[in-house]
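Below is one structure; the comments refer to it alone.
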Amino acid sequence: MARLEGRMREIVERDEPISREVWDRLDAIDFFQSIGERYKAEIVRDLPKGETITIYKQGAFVDLCLGPHLPSTGKLGKAFKLLKIAGAYWRGDHRNEMLQRVYGTCWANEQQLKDYLHRLEEAERRDHRKLGREMGLFHLQEEAAGSVFWHPKGWVLWRAVETYMRARLDEGGYVEVKTPQLVDRALWEASGHWEKFRQNMFTTEAEGDKVLALKPMNCPCHVQIFRQGIRSYRDLPLRMAEFGSCHRNEPSGALHGIMRVRAFTQDDAHIFCTEDQIEGETRRFCDLLSSIYAAFGFKDFAIKFADRPPVRAGSDETWDKAEAALRRAIEAAGRAYVMNPGEGAFYGPKLEFVLRDAIGRDWQCGTLQVDFVLPERLGANYVGEDGQKHRPVMLHRAIIGSFERFIGILIENYAGAMPSWLAPVQVVVATITNDSDSYAREVLAALGEAGLRAEIDLGADKIGYKVREHSLAKVPAILAVGKKEVEARSVALRRFGSNGQEVLALDEAVRMLKAEGAPPKH
RNA sequence: GCCGCAGUAGCUCAGCUGGUAGAGCAACGCAUUCGUAAUGCGUGGGUCGGGGGUUCGAGUCCCUCCUGCGGCACCA
């Protein structure tokens, strides 16, 4: 890359003029073929008839390009840098050959380039893989590639997220269930997942010729619960939630820290409802989702509307109906969205709710999918007002998506400095000398009684050392106690990110920290 | 899975053309009782990712597998 960059600088230096020409299609094909540029020739060949074919020349270099280009190479300036080199499939199709792609960045001036590179470095500091290790939240190791070992502190964070989500679902009119991990392939064949995703499913054998699959998702299981007994239209909408542990054998190259793993837990739910209820349920879901995102500190998120994929289940009429229903619903919910053509699930169109990580990569977290197909395939029905059997519609939906991914994004969003309600340790009591130990224990007990996750540091180190240690651990609050505090029954509170401290009466500090450590109200 | 790069102590990294593995931080021990981001001294710690090969001798060279990283493809 250094050599490439050197050549680029020479070309910029030469300030070669760049000219645009329009060529005849056949001439262009012949020309590119003759110089061995068979990919360019292929592009020209595939361009629709009547398309203008533009050629840019720069010295002896002749290339096909839609343009526009700079008038001359010198106009590029010197504020550029090559960043990475990687393979990319020709025309984005993995069945094609792989070409080498060189990534670079270019800015109007050196300062902007420097700022950009600095931002990249800053982002690396937030990387959840680095912070997860440093903060002792979790680890990954090759004997369980793609599965997370959650450490005590990381699991506290997980539980805080789970407890909050459970409370919101309870309030939101959901019922919670738990379904099996190992399920006979017959069910996956019936749902259509076996045909489409068999190679990504972990399987095992039992009782001779039985093949069981570790569930890659929860929906078929939820339908089994729905099918127990006789459902009435009065039961709808039935919102069935599960913190469902799923396994998917993701391609090795897709794994990424805890964001893309092979074993994960979804905040999954399926809303069984009538067609008429789709709109109301979608609106209700969007409201719940945005309220929960806001509670976790995400004000901005994108919504994408993914419509029918090339390979799919269900008739075109069913898809027309499902897409129209979802479009009406999202529009009625008054949410802006962009299209994501052809990216729907195989059984229905979906809304994708997308959050962004520290280095600007987008991650789908929430989703809402309209499904007319699975209830049919798996034989779900209910008795309507008319006394006849009807098919329910299923809305597949998740808010945080997977706990693993969402926690990864949370860590990056806060750069590890979690708000108190999510922090593994909310407050540390640190003594200045051992004379204060017994009072410090009283302080710890008071914090514990208030339900705070508190730790105590009675070590023989200097207070400066303790402050540094717990600041690096990103603990939201440090309560220092020394002679003065013992006498006044007070504490010296230092908050994460602040250089000063305030001295407060013990009960006042406990009251304040308790309030700050509670999950957000909504 | 594909292309490229990488894997040395818990972490960050050094180790020249092959000659018995090193630093800082962390950990542990002892001393220090100190008022808001590092007290001092000492000690232990490695199948150099796994396997195979070349060589008198491999962390270093070759083959192969695994894992990770960056993209691509995939993502129910």
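Quick note on labels: first sequence line is chain A, next is B, and so on, each numbered from 1. All values below were derived from every heavy atom in this structure, side-chain atoms included, with hydrogens, water molecules and symmetry-related copies excluded.
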Looking at A:Y39, does the NZ or CZ of A:R91 lie under 6.0 angstrom from its six-membered ring centre and within 45 degrees of the ring axis? no
Does OP1 or OP2 of B:rA76 have a side-chain N or O of A:R198 closer than 4.0 Å? no
Hey, is the side chain of A:H470 poking within less than 4.0 Å of OP1 or OP2 on B:rU36, counting only N and O atoms? no
Which of residues 432-443 of chain A sit near RNA chain B, with a heavy atom under 4.0 Å from it? A:I432, A:T433, A:N434
Centroid distance under 5.5 Å and plane angle under 30°, A:Y465 vs B:rA37: no
Between P on B:rC34 and NZ on A:K484, what's the gap in Å once rounded to a whole number? 13 Å
Is there a donor and acceptor pair closer than 3.5 Å between the side chain of A:R494 and the base of B:rA37? yes
Identify whether the distance between the nearest side-chain nitrogen and carboxylate oxygen of A:K130 and A:E124 falls below 4.0 Å. no
What does A:A430 touch in the nucleic acid at a heavy-atom separation under 4.0 angstrom: a base, only the sugar-phosphate, or nothing? nothing
Base, sugar-phosphate or nothing for A:K483? Non-hydrogen atoms, less than 4.0 Å. base
Nearest of B:rU39, B:rU36, B:rC3 to any side-chain atom of A:Q501? B:rU36
Ranking B:rG71, B:rG68, B:rA76 by distance to the side chain of A:A145, first place goes to B:rG68
From C-beta outward on A:P251, which listed nucleotide comes closest to its side chain: B:rC74, B:rG70, B:rA76? B:rC74
Determine whether A:V393 and A:D371 make a side-chain contact, defined as any pair of heavy atoms from C-beta on separated by less than 4.5 Å. no
Would you kindly give the CD1-to-P distance between A:I258 and B:rG68, to the nearest whole Å? 14 Å
Closest to the A:R133 side chain: B:rA76, B:rC34, B:rU12? B:rU12
Between A:R260 and B:rA73, is there a side-chain N or O to OP1/OP2 distance below 4.0 Å? no
Parsed dot-bracket for RNA chain B after applying the Watson-Crick and G-U rules with both distances under 3.5 Å and | for other-strand partners is (((((((..((((.....[..)))).(((((.......))))).....(((((..]....))))))))))))....
Record whether the side chain of A:Y89 comes under 3.5 Å of the base of B:rG1 through a donor-acceptor pair of N or O atoms. yes
Is there a donor-acceptor contact under 3.5 Å linking the side chains of A:E242 and A:T179? yes
Counting only heavy atoms not in A:L66, do more than 12 sit closer than 6.0 Å to its CG atom? no
Interatomic distance, A:R101 CZ vs B:rG4 P [rounded to whole Å]: 16 Å
Which of these passes ring-ring contact (aromatic ring centres under 6.0 Å, His included) with A:F353: A:W363, A:F406, A:F285, A:F305? A:F285
Regarding A:A88, tell me which of base, sugar-phosphate or nothing describes its non-hydrogen contacts under 4.0 Å with the strands shown. sugar-phosphate
OP1 or OP2 of B:rC69 less than 4.0 angstrom from a side-chain nitrogen or oxygen of A:R129, does that happen here? yes
Does A:E485 contact B:rG35 through a side-chain donor or acceptor facing the base, at a distance under 3.5 Å? yes
With a 4.0 Å cut-off on heavy atoms, is A:G92 in touch with a base, just the backbone sugar-phosphate, or nothing at all? sugar-phosphate
Atom-pair distance (NE2 on A:H256; C1' on B:rG71), nearest Å: 12 Å
Look at the aromatic rings of A:H151 and A:H139 and report parallel, tilted or perpendicular, splitting at 30° and 60°. perpendicular
Among B:rA37, B:rG71, B:rU39, which is the nearest nucleotide to the side chain of A:Y103? B:rG71
Heavy atoms only, 4.0 Å cut-off, all strands: where does A:E134 land among base, sugar-phosphate and nothing? nothing
Close side-chain approach of A:D437 to A:I456, heavy-atom, < 4.5 Å: no
Under 4.0 Å between any heavy atoms, over every strand shown, what does A:G257 touch: base, sugar-phosphate, or nothing? Just pick one. sugar-phosphate
A:H193 and A:F346: aromatic ring centres closer than 6.0 Å? yes
Could you give the CG-to-P distance, from A:L83 to B:rC69, as a whole number of Å? 19 Å
Pairwise side-chain contact, A:F197 with A:W188, heavy-atom cut-off 4.5 Å (strictly under): no
